Amino acid sequence: MYPSLGDITQKGYEKKRSKLLGAYLPHPPGLEGSMAHDRRPPMAPSASRYHRRRSSGTRDERYRSGESAGSFFHRMAFSLPRYFKIDLSVVCLSPLSSLPPLTDTSSGSEEEGGQGEGTPTSSQGSISMEHWISRAIHQGSTTSSSSSSTQSGGSGAAGRLADVLAQTHNHSAPPDVTTYTSEHPVQVERPQVSTVPRTTPKYGNAKLMETGDGVPVSSRVSAKIQQLVNTLKQPRRPPLREFFVDDFEELLEVQQPDPNQPRPEGSQMVAIRGEPLGVVTNWPPSLEAALQRWGTISPKAPCLTTMDTNGKPLYVLTYGKLWSRSIKVAYNILHKLGTKQEPMVRPGDRVALVFPNNDPAAFMVAFYGCLLAEVVPVPIEVPLTRKDAGSQQIGFLLGSCGVTVALTSDACHKGLPKGPTGEIPQFKGWPKLLWFVTESKHLSKPPRDWFPHIKDANNDTAYIEYKTCKDGSVLGVTVTRIALLTHCQALTQSCGYTEAEIIVNVLDFKKDVGLWHGILTSVMNMMHVISIPYSLMKVNPLSWIQKVCQYKGKVACVKSRDMHWALVAHRDQRDVNLNSLRMLVVADGSNPWSISSCDAFLNVFQSKGLRPEVICPCASSAEALTVAIRRPTDDSNQPPGRGVLSMQGLSYSVIRVDSEERLSVLTVQDVGTVMPGALMCVVKPEGVPQLCRTDEIGELCVCSIATGMSYYGLSGMTKNTFEVFPMTSSGAPISEYPFIRTGLLGFIGPGGLVFVSGKMDGLMVVSGRRHNADDIVATALAVEPMKFVYRGRIAVFSVTVLHDERIVVVAEQRPDSTEEDSFQWMSRVLQAIDSIHNVGVFCLALVPANTLPKTPLGGIHLSETKQLFLEGSLHPCNVLMCPHTCVTNLPKPRQKQPEIGPASVMVGNLVSGKRIAQASGRDLGQIEDNDQARKFLFLSEVLQWRAQTTPDHVLFTLLSSRGTVLSSLTCLQLHKRAEKIAAMLMERGHLQDGDHVALVYPPGIDLVAAFYGCLYAGCVPITVRPPHPQNIATTLPTVKMIVEVSRSACVMTSQVISKLLKSKEASAAVDVRSWPPVLDTDDLPKKKPPQLYKPSNPDTLAYLDFSVSTTGMLAGVKMSHTATSAFCRSIKLQCELYPSREVAICLDPYCGLGFVLWCLCSVYSGHQSILIPPSELEVNPALWLLAVSQFRVRDTFCSYSVMELCTKGLGLQTESLKSRGLDLSRVRTCVVVAEERPRIALTQSFSKLFKDLGLHPRAVSTSFGCRVNLAICLQGTSGPDPTTVYVDMRALRHDRVRLVERGSPHSLPLMESGKILPGVRIIIANPETKGPLGDSHLGEIWVHCTHNGSGYFTVYGDEALQSDHFNSHLSFGDTQTVWARTGYLGFLRRTELTDASGERHDALYVVGALDEAMELRGMRYHPIDIETSVIRTHKSIMECAAFPWTNLLVVVVELEGSEQEALDLVPLVTNAVLEEHYLIVGVVVVVDIGVIPINSRGEKQRMHLRDGFLADQLDPIYVAYNM
């Protein structure tokens, strides 16, 4: 059927094509019907979705095989027609029933939905058919390599067709070239072009399109198919993966659903109706009417008894008193605030009620006073300090409710914080309030004719109850007067309340169950409430039980914790008798762990007269008020409902009954039945409110009059919560009335019993499974609960890290527990949560007792705790992080691709239109300048020439810390001094030419003279930093090492240092006797040497440049006379240096460009160098800038440490410096000399800070040099400004460079490292294969140049590794040129700018040192990027360093601040690195300031730090090993 070889002729192709396409072209009418009948319904959409996922997810294996590109092309060339035919047969010949619908089922727009549904009639058959095909092909965009698929994840049509083909024909098709790009969801970096052939721009929605032989065909379909055919006709070569597909799009693993996960199988639930709300004749028409009735009929009846902290009755409020005082409050609110014309409060206004928890009587009077005045009370907590937990949010609520008046009691008013003048300060976030005391003695009596207007209950707002959300924000739920009354009636009916019953209330009376039973329903039924304040419960947890016995209470309202503490405090008290109790309302009965308190309580107190049926758990929420309550029955035979549910099932929202023996079960008790007059259903918690199945957990929704109405002032949120219309699976609403989301998760069990399994607020969705915070708290408490942590003091919440929620557990530990105990407890808790809930804990933190933020009634303020955790101010004393076990969605580690041969790289670059990354500075030979110094090959000759021609021209000026000139040298003085030093070397040192001399001098002029003295004597100088007098033990061994390694025949130094080298302290650090002869140049011989040394060969050594790299490698680089002169000339040309110029230099003069600028350039170019030793800036930070201003310098050089010193030290002094006349407007170049990636943040803040002093931001730039070439780039005077680009950090990890917009996610700013110096050529090479790389690749910077070093003199380290640093060859391409390898990774970019020669300007960007880059998870990371992320996380992190250890990432942070902050940093550091770099930090080490070693150039010595860490020498404050 398919010929395997041979080409198809154009004519044959046309014939074949017209035959194949015939099916799609318009037909005579007779054919259409038959075609329509053939059409079978397409495959189920799920299948096609599955299909697509598979096709885009699998990588194309054939490019991984070892087959070389050449043979691949060769093999392919012969099998092309076969490909082409197969694909056509798919498009046209395969039966349509086997084609899945090609539309993207996930995002069907409306116009798509309507078409092609149902069976078409004969007349529209072929049209809908055609539409379907065209839509298929429109949807999957075509796959030629010049356009990239615009759908996310959807592969192109051809890719899908090929997929179908693989299933329909049972033969192994050869790989399809055309689908290559579409098989990868990763897109290539190239412009998004929608049209494929460039030549026919009209095809987009072309009605007419030319076919192969120029015949126009009218049809959208054929245009599309034609295009596909054309693509197949000229098969593309398979792209080389290395160059085409950027595989840096690290896709986070998406949690695949567990195939064995339980799924709900029950039928759809039906809404459950509560019993009808009975109408009782004596029920009042409103709550105020009830109060009026009882206040006038039985004024002596007790309404409320309050207790003092000793449990003695403090005060009894009767109904008469309540009525008369409420009227008084109502009158005063309306008439005594503001003026008669402008009253402050009118009916309908909101006022705050601020009453302490031990004064329910005053609260009750104020509350009913507001109801009578028709003012809306907003009860809130008493603010104790200006910055209470959550108090600010309450202030926002008051502000949004427009509250201007706060009612409070006398005692409370006295206790509020006061300002210096006695007024109450405005609390943070609160509106300005008038505080109004409601005690009777402060109020004026209402006139006899004034009486409150008592209406029937209506739809006006009665009160607003505040509710704290999961995120800490506070909302106000409005409750209307009719809802208030109906709710009281429903409670009266459910609980069977009767007049004059005694009810003991332990709950908060300002909100929730405490308010509904203890303040509202009690008044409706003239009941007597015994109120137990929280302060009494703290002293005596049994007090409520004692009051039940004492008053023969019928009803008690408690929380499970009150039952728990009563149990703990109970010591066989003989006189306890609870048989009067007919109902024990458990307010938090919906909490899954209340059941254990209920059981234990019953267990102990059953013998004291407590009947099992008395315990009545209830479920409530601020929005829906009471959702369900268990009725007190007289029938003790009817046991309460119990459910033992599998935790595994619950995490998938499925109800599966399990056995009690298992650990991983949750036992829940019923909370009774639906409230009278209400309708309840269960809907899916997210998305459309669809009814759940009977065995599925969902959110309980209630439809009733007795619920809240809205969130005050928030219409959007109100709509989502209070106006929900639950739907059946078919989409039909189940009722015309809106339901209210209760915020409770649960199900309705057999017999209409309501079960609650958790709260929406406590829900944590971890990798697709739901866990309830309360369940996790219960598990943590079950682990030896009372020993290490306090029972009620555990907070569980989730934080989002790396696109998933992570569980955090915070507990207060007891003061007497040891660290060993705590860690044992923590590891047990981790194991327990893991085995019971099958979920990992991301972070477990223990804090000292009593330090977690509290709610007013003593619970933990959860959102505030979470806030403290996230901002790093929780101050834990123990932390255990488990990112390794929890974070399962990291991208897969990158697999290194098999290396690609040189030829294919060249091809790849040509095909993708990329240039090979190379660039060069101006050509030294072509630049004409009247440079006299060029006549001389040697610097010593240049100096002699200058001493003759311009003897009095000043070359060097050294400044003191005060800014005065300490000393200076003219050309002649330097020449004379150098002659004397040369004489001394020959006489006293008996040195031969070519001997090495170590120059150990402080930064200054002596160093310069000694250097030229050595050249005059024919010796090779080595500059060495002198030992630090205060720190000889660590600095002297380095000096000794350089002297020995460089094989110095003698040491030249000043008198002071010479004494230091022989001192007692020195002999303790090194063996003093083994020093070579030490010459002191402070007393020089009077005579000059017989003759000066004339070097003959310019390639001989001029000097040795010794330095220690950041990785701790000590190396001496050989600099020949040729290189030295070429170097000086290159700098002279770049910076335009002439004898008339001054240059200020604030650098260390011991190695690299710093040494060259300090000692050599002035002699070569003749300009004056103003030398400023960096150490002097520690005394006077303004020294450098003042010198620049005073000497009117145009060019200055400094180091990062100098710049940092100025930025930190002078930040606040710019004004005073301005007044001292500091002016930086003449500076045209201020260059930071560095061997690293430019520190953009520092240079920018420096520029901004000194902009006011005239510094032009363009002036500040950086240079780049390294071991093999001391200066590769240096911003000169001419040429464009340094550019900054933003690259994608994820691409960089894969050694790819992808430019992005500023501010886009994962963007990293990189600044150009100055301009390439004249005479320098640069290429970017692959450090492993040594092949040249394209523009968009990160590679090693290689340099070819006359001023390269000529090799290492010695390397203290691994010598074999270094052998090719100075003479490397590319593995292909230009294999002749000798390159030096810099050891730094970077890339080149051709910019739009032009440089001095008019050419397009090439910019070099340095990314980081190859030695320091870390290979983790198959990707390359640069420590500086991780450190930048870490430093941003907390204000107390001063400095930070990252390095790898085995395969773990270690992060060391320096802490500025108290040590109690140390552990706050661990989670923050771990989170930041995970979020930004997809890496798990293995170890976090918190150390004191100054522990991270930094070298003289201001670079971190990470390898020294690592050695210190491994040798346990860091003396850390804390080390956290992440599990």
Side-chain angles (χ1 to χ4, degrees), residues 872 1025 1028 1030-1031 1033-1035 1037-1038 1107-1114 1148 1174-1175 1178 1199-1205 1207-1209 1232 1234-1239 1241-1242 1408-1409 1411-1414 1416 1421-1445 1448-1459 1461-1466 1468-1470 1472-1473 1477 1479 1481-1522:
R1025 178 190 306 280
H1028 197 290
Q1030 269 78 53
N1031 194 359
T1034 52
T1035 53
T1038 312
S1107 70
V1108 180
S1109 74
T1110 48
T1111 51
M1113 186 182 88
L1114 172 71
D1148 272 329
S1175 52
E1178 288 166 21
S1199 64
Y1200 279 125
S1201 8
V1202 166
M1203 196 169 258
E1204 201 160 21
L1205 245 166
T1207 312
K1208 285 183 177 164
V1232 188
E1235 294 192 12
E1236 56 180 306
R1237 178 197 300 180
R1239 301 187 197 173
L1242 180 55
D1411 288 349
E1412 296 209 328
M1414 304 183 284
L1416 295 164
Y1421 287 89
H1422 299 274
I1424 182 74
D1425 296 325
I1426 293 172
E1427 289 155 7
T1428 306
S1429 300
V1430 168
I1431 284 180
R1432 279 203 302 260
T1433 56
H1434 197 277
K1435 59 181 188 310
S1436 300
I1437 298 179
M1438 289 315 287
E1439 189 51 273
C1440 147
F1443 54 81
W1445 168 49
L1448 289 178
L1449 173 64
V1450 180
V1451 174
V1452 180
V1453 291
E1454 288 184 356
L1455 169 74
E1456 180 191 49
S1458 65
E1459 294 200 352
E1461 288 181 12
L1463 280 85
D1464 282 318
L1465 307 180
V1466 178
L1468 294 183
V1469 168
T1470 310
V1473 177
H1477 304 280
L1479 282 180
V1481 178
V1483 188
V1484 181
V1485 187
V1486 184
V1487 295
D1488 295 307
I1489 287 186
V1491 169
I1492 296 174
I1494 287 178
N1495 67 12
S1496 58
R1497 293 189 294 273
E1499 297 161 341
K1500 292 173 201 165
Q1501 307 281 72
R1502 297 182 184 89
M1503 293 306 130
H1504 281 322
L1505 182 68
R1506 177 183 153 158
D1507 296 342
F1509 167 71
L1510 295 177
D1512 203 13
Q1513 295 163 344
L1514 299 185
D1515 186 23
I1517 299 170
Y1518 191 81
V1519 181
Y1521 292 92
N1522 287 344

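Quick caveat: nothing in here was measured; it's all calculated off a predicted structure.
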When you compare the side chain of Q1513 with that of V1491, does any pair of heavy atoms fall below 4.5 Å?
no
With side chains defined as the heavy atoms from C-beta onward, is the minimum distance between V1453 and H1434 less than 4.5 Å?
no
Side-chain donor or acceptor of H1422 paired with backbone N/O of I1424 under 3.5 Å
no
I'd like to check L1468 versus I1437 (side-chain heavy atoms, cut-off strictly below 4.5 Å). Are they in contact?
no
Run the side chain to side chain contact (heavy atoms under 4.5 Å, CB included) check on R1506 and V1450 step by step: do they pass?
CA-CA 9 Å; R1506 177 183 153 158; V1450 180; over 6 Å; no
Go through it in stages, so that I can follow the logic: the residues are V1483 and F1509, the test is side chain to side chain contact (heavy atoms under 4.5 Å, CB included), and I'd like the CA-CA distance, side-chain angles, deciding distance and then a yes or no.
CA-CA 11 Å; V1483 188; F1509 167 71; 4.2 Å; yes
Please confirm whether the backbone N or O of G1490 pairs with a side-chain atom of E1454, one donor and one acceptor, at under 3.5 Å?
yes
Before you tell me yes or no, could you show the steps for R1239 and M1203 under side chain to side chain contact (heavy atoms under 4.5 Å, CB included), namely the whole-Å CA-CA distance, both residues' side-chain angles and the distance that decides it to 0.1 Å?
CA-CA 11 Å; R1239 301 187 197 173; M1203 196 169 258; over 6 Å; no
Contact summary for R1502 and A1442, nearest pair of heavy atoms:
CD-O, 3.4 Å
Hey, does the side chain of T1035 reach the backbone of H1028 with a donor-acceptor pair shorter than 3.5 angstrom?
yes
Any non-hydrogen side-chain atom of E1178 less than 4.5 Å from a side-chain atom of L1205?
yes
Check: S1429 main-chain N/O paired with T1433 side-chain donor or acceptor under 3.5 Å:
no
Are R1237 and D1425 packed together at the side-chain level, in the sense that at least one heavy-atom pair is separated by less than 4.5 angstrom?
yes
Might you point out which heavy atoms bring C1440 and I1431 nearest each other, and give the distance in Å?
CB-CG1, 3.9 Å
If you define the side chain from C-beta out and look only at heavy atoms, does anything of F1443 sit under 4.5 Å from L1505?
yes
Working to the nearest 0.5 angstrom, can you tell me the gap between M1503 CE and D1411 CG?
8.0 Å
The reported gap from CG in L1449 to CD1 in I1426 (rounded to nearest 0.5 angstrom) is 5.0 Å
Check A1413 against P1423 and note the closest heavy-atom contact, atom names and distance.
CA-CD, 4.4 Å
After noting the C-alpha distance and the side-chain angles of D1488 and E1459, does the key distance pass the side chain to side chain contact (heavy atoms under 4.5 Å, CB included) rule?
CA-CA 9 Å; D1488 295 307; E1459 294 200 352; 4.3 Å; yes
What verdict does the salt bridge (Lys or Arg N to Asp or Glu O under 4.0 Å) test give for K1500 and E1412, after you've listed the backbone C-alpha separation in whole Å, the side-chain angles of each residue and the deciding distance to 0.1 Å?
CA-CA 11 Å; K1500 292 173 201 165; E1412 296 209 328; over 6 Å; no
State, to 0.1 Å, how close L1448 and G1482 come at their nearest heavy-atom pair, and which atoms those are.
CD2-CA, 4.0 Å
Backbone of P1493 reached by a side-chain donor or acceptor of H1504 within 3.5 Å
no
Between Y1200 (side chain only) and L1242 (backbone N and O only), is there a donor and an acceptor less than 3.5 Å apart?
no
Spacing of CD1 belonging to I1492 relative to CE belonging to M1438, to within rounding of 0.5 Å
11.0 Å
With the side chain counted from C-beta on, respond yes when V1481 and V1466 share a heavy-atom pair under 4.5 Å apart, and no when they do not.
no
Quick one, L1465 and Y1518 - any side-chain contact, counting heavy atoms below 4.5 Å?
no
Can you see which heavy atom on E1456 is nearest to which on I1489, and at what distance?
CB-CD1, 3.6 Å
